[in-house]
Protein chains: 2
Amino acid sequence: MTIEACGHEDCGIRDVLDRLGDRWSVLVIVTLAQEPRRFRELQRAVTGISTRMLTVTTRRLVRDGLATRTVYATVPPQVEYRLTDMGLSLAAAIAALSDWSRTHKSAISDARAAFDAAEAPRQALAR
Amino acid sequence: MTIEACGHEDCGIRDVLDRLGDRWSVLVIVTLAQEPRRFRELQRAVTGISTRMLTVTTRRLVRDGLATRTVYATVPPQVEYRLTDMGLSLAAAIAALSDWSRTHKSAISDARAAFDAAEAPRQALAR
DNA sequence: CAGGATCCGATCCGATACTG
DNA sequence: CAGTATCGGATCGGATCCTG
């Protein structure tokens, strides 16, 4: 756990963030964690992702050793993406964050509503 | 853990990501997890963050109920930021990811090197 | 089917200058 | 000290078209 042990420059978090901080990586990882998928399957599973971003994202996962890319010489061609053990372990860590999100989602909404309610009137007065 | 339980649209991850997916939020959270800080203290602790981004980031944390902002009517003024219990629980979840990163950092570097080594020659041949 | 290439708007974010 | 306001560059990511 060790929440401290940071401070000097940054802990290892920067690295994770650079890898997961974009719009799609995490979504693709959790989807692949369910089961391996082919390119189009994956695109249908990850709602809203464009061809380009799916390409970019999967390539990055493969490059980092989080997923494997297997080409089957069929017609039409099929390419299967599958998380490696390392990728699966990351997915597990992400799942913890996901759980956190579901647990606190309503509390956050409430906090926002309260904050905005306190803030909005000031905006009105400012004019 | 439950890595599955996704698929329909997205699990709760989208929400966390929208909150943590930017360049600084996570860094500020882990820094505040160590101990409460004043604005400039925080800026010095989070290396490289600009005034603007620190303002934006802290404001968002406060709005989401992850941190509190306490103003002391001193001269010069002091403002203390402190994680709430909810913020601390998020910091713990993040710490798990951070641990993951430190554990797998070298493996990822190796994977990248191998990938790039396999890829670079093709680029050369293409020309 | 799987993806590469290009164009282009949206946004993020850093630098800088200024206020209370 | 603790911010706010504005500008401009860099990056992100969507749409579209094309190839094997």
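Values below: every heavy atom of this structure, side chains too, minus hydrogens, waters and symmetry copies. Quantities reported herein were computed from a predicted structural model and do not represent experimental measurements. Labels below follow one simple rule: chain letters A, B, ... track the order of the sequence lines, proteins then strands, and each chain is numbered from 1.
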(message) Base contacts versus sugar-phosphate-only contacts with protein, heavy atoms under 4.0 Å: please encode nucleotides 12-20 of chain D as B, S and - from 5' to 3'.
(response) -BBB----B

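To the nearest angstrom, C1' of C:dC13 lies 15 Å from CG of A:D18. Between A:R37 atom CZ and C:dA2 atom C1' the separation is 17 Å, expressed in whole Å. Rounded to whole Å, the distance from CG on B:L54 to P on C:dC13 is 13 Å. As a whole-Å value, the separation of A:R38 CZ from C:dG3 C1' is 14 Å.
Follow the hydrophobic side-chain contacts under 4.5 Å out from B:L42 and you never reach B:Y72; the two are in separate clusters.
Looking at the side chain of B:Y81, the nearest of the listed nucleotides C:dG4, D:dG3, C:dC1 is D:dG3. Ranking D:dA2, C:dA2, D:dC1 by closeness to the B:F39 side chain, first place goes to D:dA2.
Residues A:L32 and A:R82 have side chains not in contact (no heavy-atom distance under 4.5 Å, counting atoms from C-beta outward). Taking the side chain as every heavy atom from C-beta outward, B:I49 and B:L27 never approach each other to under 4.5 Å. Side-chain atoms of B:T51 and B:R40, non-hydrogen and from C-beta on, do get closer than 4.5 Å to each other.
Taking 4.0 angstrom as the limit, B:R59 places none of its side-chain polar atoms (N or O) nearer than this to OP1 or OP2 of D:dG3. A close approach under 4.0 Å does not occur between any side-chain nitrogen or oxygen of A:R69 and OP1 or OP2 of C:dA2.
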(request) Might you work through the side chain to side chain donor-acceptor pair (under 3.5 Å) test for A:R59 and A:T55, ending with a clear yes or no? (result) CA-CA 6 Å; A:R59 169 168 286 257; A:T55 301; over 6 Å; no

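Classification of A:R19 and A:D15 as a salt-bridged pair fails, no side-chain N sitting under 4.0 Å from a carboxylate O.
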